Trainee: 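Here's a structure for you.
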Amino acid sequence: MAQPLVVKKDDDLDEEEYYSPFLGIEKGAVLQEARVFHDPQLDARRCCQVITKLLYLLNQGDTFTKVEATEVFFATTKLFQSKDAGLRRMVYLMIKELSPSADEVIIVTSSLMKDMNSKTDMYRANAIRVLCRIIDSTLLTQIERYLKQAIVDKNPVVASAALVSGIYLLQTSPEVVKRWSNEVQEAVQSRAALVQFHALALLHQIRQNDRLAVSKLVTSLTRGSVRSPLAQCLLIRYTSQVIRESSVSQGGDRPFFDFLESCLRNKAEMVILEAARAITELNGVTSRELTPAITVLQLFLSSSKPVLRFAAVRTLNKVASTHPLAVTNCNIDMESLISDQNRSIATLAITTLLKTGNESSVDRLMKQMTNFMSDIADEFKIVVVEAIRSLCLKFPLKYRSLMNFLSNILREEGGFEYKKAIVDSIIILIRDIPDAKESGLFHLCEFIEDCEFTYLSTQILHFLGNEGPKTADPSKYIRYIYNRVILENATVRASAVSTLAKFGALVDSLKPRIFVLLRRCLFDGDDEVRDRATLYLKLLGGEATVGDTEKDVNEFLFGSLDVPLVNLETSLRNYEPSDVPFDISSVPKETKSQPLTEKKSIGKKQTGPVSAVNGPVPTVDTSYERLLSSIPEFADFGKLFKSSAPVELTEAETEYSVNVVKHIYDGHVVLQYNCTNTIPEQLLEQVVVFVDASEAEEFSEVASKPLESLPFDSPGQTFVAFEKPEGVIATGKFSNILKFIVKEVDPSTGEAEDDGVEDEYQLEDLEIVSADYMLNVGVSNFRNAWESMDPESERVDEYGLGVRESLAEAVSAVISILGMQPCEGTDVVPSNSRSHTCLLSGVFIGNVKVLVRLSFGISAPKEVAMKLAVRSDDPEISDKIHEIVANG
Amino acid sequence: MADFSKESCPSVKNILLLDSEGKRVAVKYFSDDWSTNASKLAYEKSVFTKTLKTNARAEAEITLFDGYIVVYKFVHDLHFFVSAGDDENELILASVLNGFSDSVGLLLRGDVEKRTALENLDLILLCIDEIIDGGIILETDANTIAGKVATNAVDGSVPFSEQTISQALATAREHLARSLLK
């Protein structure tokens, strides 16, 4: 490890004309030098130099072995004997860098605690920061008293040190830090700017799970006691969080908007920026609300500081995507930024102009853009490509110059993400602008002739297979496709074979020639390629068993797979070879992971608020199924229909945390209680949940499976099973009491005492509702699915929902009553709209497919009316859905 | 639930001080985004090369790459960088950067170059320690930072505390003038 360092330094010798104090430094030698720490007469200056050398080594990426680190640590602890202030500071740094283990920490604790109570503020502040970084929660309780005092210390450095340490400790020992609320609250009122900032940050983190408390905090602080710019920025963030979570009363003034607006007149630029950005990111912001924010940002555009210009143009760029008109006022300032020295600013300016500009300026902007595309980073190129795509959709007549631009940059160097953005854009343009099809396909063909990315090649080949046969002269694409079969890797070859087959299926005149090409593929070196070629040859020749008619063949070739690939993969993995063929219809169709990835990408790309966070999608989890069927008591309940998402029955951070999963069978319901014991000093035994079903008349308890023992922090399950009449949507309320025998545990030995005490713990009530009998399974094309259902099964009725807060609130209420999956994003209601149609799909118990079409309307006094149309496989179920809504 | 960084405290992911060849003088990482030394070195290399051609001498410059915002400033043969997540308030980062570079200027008494920085590496490391703790901003005012670090200066000559800030600035200015005349 040390050897290369020396060599490297020697190499540098010629280039570095001056002498570096660390020239030729070597770990072994420095560790030797560290022996001076043991001298009875400490030379502070010399020790300081050695520590600096050690820190230098660590900073350069050198590492110490466990033994070396321990040795250095023990040597360093000796230095507490020295009274030299500078040396003490270096000792602090060294201890933090070494991050000692628990048994080592004990050695320095007393020295650090002494420093924490010293008269020198600088010692106190630093000792607090070091100690809090290295101690564990048991030691923490010993110093808690001092930390609480330090928070309200009159020296701001000491107070800040304690508060910042609190923020850090909150992650590891939340229950301790939460006890400091009063002191932290006092510190928020401090005169020292940074103390205020750190106190506010800590106070918010302590309360962040309590919406009401955060809302109160914001309400009291926005009245003006916060002066430090950093604290102001925090307050703005918290305020916009509160605004986001509170429902906007339509038409009326937004709460706290005045506060945000007043921050635009703050002295500190960072506060102005934070406020302007917060306003632009408000949900459904109006142009009246935007105007003051845009005005201050416009002033920033002509600042002499690049950071300020960048911040302003970046924000305006984002606004331009949703409110282009609001930004047009800044166009002149933007134009001057195109030639900005900072390329990032120039790119953002030009893409903003693309979003706000009119048709006549397109050509001019494109010319300017070609010049600097070569010297900006890929991230920015993607921004440009996306801007061009939306521009093209806005001005379809300009497609020719825009398509040319895209094809030019497609030919240049670039990474995968960038190329993918271009290819995606071209594909979207081909789809939406019929005139652009021929040239677009041609550009794509050119691209795959020399494309290094397998993913893109296959994507383009697939697209070509769908679009190519429908063009005027399909034969001209064959050459490009067949070239892939000759030149590329197996994955690309296989997809080229599929594409050829699609041409063969749709274009009769090409069929004989396609046959020739496919036959050649039978000699390919790769299994998949040969398999595909064989399959398609049979298929096109009419010999395969897929179907008799040409329609079936096309359906097979072009139809999309209607099950998510992830689910298909798990099902195939679980399938055991037997006489029963694999049944694709048994694959669950809900997309479990989809909302997650979507959310992630939204979170990453736009920093704005993410509306309507989807709840966890309940699903028939195979792990549940396996778990339940392994319990003999439940084995004869039949096939598990649905498992709900866990419902919390305790408040967060109580002694025992319990949540419940409802498993629904045709004639039974199993409640699975997941229990966690959060008290280290206790062992629970014979844990069982006593369920009172007196308010759920149709249910009768048939079995209960207690949990033998529940040690600290290792979750366990106990089950209670109920019988219910089959085919009835039985609903009801259950009250739950957790009963158990508690035994004390000696924390040092981990052994439990022999005698236990019976105890019980009240849990929250649980309800089984009609939505529990509905699986929220989506359909990819609602209209097709709707039309394929029997119109006879349709039941329509109208309902008055009374006065509602907003249309969106009414829509989400009905969705949650039904427990169905919203399709095609129709669960999102655009703000200010007076009517809305929502499409839902699901599978009702007994495997009955149900589709629902909801039409909402809202009148001026917020009176909401709803028309509900249901189609299902079974007309009786359609009636039941109406019953559910009528009773809900 | 969803913990958007927007709603939390402003945080810094790393502070870098590199020389004119992109080599480390002093660096400090506060984020798990870079778990190995190799990934840290790779990040430093790409930050350095991407910013090399820009002129960040008079005013702090800024760029966006790999999902990070980087504000930076060059003084003599030293390159100062502060990185954070891409939704961070740019001006807060700029204030951290200015606090860093100005306090180093004060501590090195205007002699901001690699040689002096290495000779006073202890001061530089303490300086970083006083600016950010675990990603959270501790202090951004250059005078305060330098004051906190220098009260402990082991340097035997003139203790920094005895030199007033205006004197320090005067020395700094003088040095700057000299280096311009060279």
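Protein chains get the first letters and strands the later ones, always in sequence-line order, with residue 1 at the start of each. Just so it is clear, the structure is predicted and the values come from calculations on it, not from any experiment.
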Trainee: Could you tell me which of A/Val157, A/Leu93, A/Ile167 has the largest number of non-hydrogen atom pairs under 4.5 Å with chain B?
Mentor: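 The candidate making the most pairs under 4.5 Å is A/Leu93.
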Trainee: Using heavy-atom distances under 4.5 Å, tell me whether B/Leu93 contacts chain A through its side chain, its backbone, both, or neither.
Mentor: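 Nothing of B/Leu93, per the 4.5 Å heavy-atom cut-off to chain A.
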Trainee: Among B/Leu16, B/Leu17, B/Ile128, find the residue that satisfies the side chain to side chain contact (heavy atoms under 4.5 Å, CB included) test when tested with B/Val27.
Mentor: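 Option passing the side chain to side chain contact (heavy atoms under 4.5 Å, CB included) with B/Val27: B/Leu16.
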Trainee: Ignoring hydrogens and geometry beyond distance, is a side-chain donor-acceptor pair present between A/Arg309 and A/Ser303 at under 3.5 Å?
Mentor: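 No, because no side-chain N or O of A/Arg309 sits under 3.5 Å from a partner of the opposite role on A/Ser303.
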Trainee: Please determine, among B/Asp141, B/Ile69, B/Thr36, the option with the most heavy-atom pairs under 4.5 Å with chain A.
Mentor: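 That would be B/Ile69.
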Trainee: Please flag which part of A/Ile345 lies under 4.5 Å from any non-hydrogen atom of chain B: side chain, backbone, both or neither.
Mentor: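 Contact with chain B is absent: no heavy atom of A/Ile345 under 4.5 Å.
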Trainee: Name the region of B/Ala60, side chain, backbone, both or neither, that has any atom closer than 4.5 Å to a heavy atom of chain A.
Mentor: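 Answer is both: backbone and side chain atoms of B/Ala60 are under 4.5 Å from chain A.
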Trainee: What is the ring orientation for B/Phe65 with B/Tyr43, classed by angle as parallel under 30°, tilted 30 to 60°, or perpendicular over 60°?
Mentor: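 Because their plane-to-plane angle is under 30°, the rings of B/Phe65 and B/Tyr43 count as parallel.
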Trainee: Between chain A and each of B/Leu41, B/Leu138, B/Val71, B/Leu125, count heavy-atom pairs under 4.5 Å; write down the option with the most.
Mentor: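 Between B/Leu41, B/Leu138, B/Val71, B/Leu125, the count favours B/Leu138.
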Trainee: Quick one: what part of A/Arg88 sits under 4.5 Å from any heavy atom of chain B, side chain, backbone, both or neither?
Mentor: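 Contact with chain B involves no heavy atom of A/Arg88 at all.
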Trainee: Set out, in order, the CA-CA distance, both residues' side-chain angles and the distance that settles side-chain hydrogen bond (donor to acceptor under 3.5 Å, both in side chains) for B/Ser31 and B/Asp33, then state yes or no.
Mentor: CA-CA 5 Å; B/Ser31 156; B/Asp33 294 4; 3.0 Å; yes
Trainee: Among the options B/Thr63, B/Thr54, B/Ile137, pick out the one with the most heavy-atom pairs lying under 4.5 Å from chain A.
Mentor: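 Greatest number of close heavy-atom pairs with chain A: B/Ile137.
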Trainee: Are B/Asn14 and B/Trp34 packed together at the side-chain level, in the sense that at least one heavy-atom pair is separated by less than 4.5 angstrom?
Mentor: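 Counting from C-beta outward, B/Asn14 and B/Trp34 do come under 4.5 Å.
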Trainee: With only heavy atoms counted, which part of A/Leu163 is less than 4.5 Å from chain B, the side chain, the backbone, both or neither?
Mentor: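 Answer is neither: A/Leu163 stays 4.5 Å or more from chain B.
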Trainee: Can you tell me which portion of A/Phe197 sits under 4.5 Å from chain B's heavy atoms? Options are side chain, backbone, both or neither.
Mentor: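 The answer is the side chain of A/Phe197.
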Trainee: Given that the side chain runs from C-beta out, which part of B/Ile136 has a heavy atom under 4.5 Å from chain A: side chain, backbone, both or neither?
Mentor: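 Answer is side chain: those atoms of B/Ile136 sit under 4.5 Å from chain A.
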Trainee: Go through the atoms of A/Ala201 and report whether side chain, backbone, both or neither lie under 4.5 Å from a heavy atom of chain B.
Mentor: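 Only the side chain of A/Ala201 comes within 4.5 Å of chain B.
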Trainee: Among A/Thr52, A/Leu273, A/Asn59, A/Val164, which residue forms the greatest number of heavy-atom pairs with chain B at distances under 4.5 Å?
Mentor: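 Option with the greatest count: A/Asn59.
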Trainee: Do B/Asn55 and A/Gln341 meet the criterion of a side-chain donor-acceptor pair at a distance under 3.5 Å?
Mentor: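 Per modelled atom types, B/Asn55 and A/Gln341 side chains form no pair under 3.5 Å.
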Trainee: Hey, can you tell me if B/Phe74 and B/His79 have their rings parallel, tilted or perpendicular (30° and 60° cut-offs)?
Mentor: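 Rings of B/Phe74 and B/His79: parallel, under 30°.
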Trainee: Who wins among B/Lys53, B/Glu61, B/Lys28, B/Lys40 for the most heavy-atom pairs under 4.5 Å with chain A?
Mentor: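 Maximum pair count with chain A is reached by B/Glu61.
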Trainee: Could you tell me which portion of A/Leu308 (side chain, backbone, both or neither) has an atom closer than 4.5 angstrom to a non-hydrogen atom of chain B?
Mentor: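 Interface part for A/Leu308: both.
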Trainee: Which is it for A/Gln232 and A/Cys263 under the side chain to side chain contact (heavy atoms under 4.5 Å, CB included) test, yes or no, and what are the steps along the way?
Mentor: CA-CA 8 Å; A/Gln232 287 263 14; A/Cys263 287; 3.9 Å; yes
Trainee: Taking atom NZ of A/Lys305 as the centre, does the number of heavy atoms from other residues, nucleotides or ligands within less than 6.0 Å exceed 12?
Mentor: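 12 or below, so no.
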Trainee: Is there a donor-acceptor contact under 3.5 Å linking the side chains of A/His204 and A/Gln241?
Mentor: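 On atom types as modelled, these side chains qualify, holding a pair under 3.5 Å.
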Trainee: Would you say that more than 12 heavy atoms from the other residues, nucleotides or ligands in this model lie under 6.0 Å from the CZ of A/Arg211, or not?
Mentor: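 Not buried by this count: 12 neighbours or fewer within 6.0 Å.
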Trainee: Under a 4.5 Å cutoff for heavy-atom pairs, which residue among B/Val25, B/Leu64, B/Thr144 has the most contacts with chain A?
Mentor: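 Between B/Val25, B/Leu64, B/Thr144, the count favours B/Leu64.
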Trainee: Measuring heavy-atom distances to chain A, does B/Lys50 have an atom under 4.5 Å in its side chain, in its backbone, in both, or in neither?
Mentor: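 It is the side chain, since no backbone atom gets that close.
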Trainee: What part of A/Val271 gets closer than 4.5 Å to chain B, counting heavy atoms only: side chain, backbone, both or neither?
Mentor: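 Nothing of A/Val271, per the 4.5 Å heavy-atom cut-off to chain B.
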Trainee: Quick check on B/Ser95 against chain A: is it the side chain, the backbone, both or neither that has a heavy atom closer than 4.5 Å?
Mentor: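 For B/Ser95, the side chain is the part near chain A, not the backbone.
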Trainee: Measure distances from A/Glu97 to the heavy atoms of chain B and classify the residue's part below 4.5 Å as side chain, backbone, both or neither.
Mentor: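 For A/Glu97, the side chain is the part near chain B, not the backbone.
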Trainee: Are B/Ser101 and B/Leu78 packed together at the side-chain level, in the sense that at least one heavy-atom pair is separated by less than 4.5 angstrom?
Mentor: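 The answer is no, as the side chains (C-beta and beyond) never meet within the 4.5 Å cut-off.
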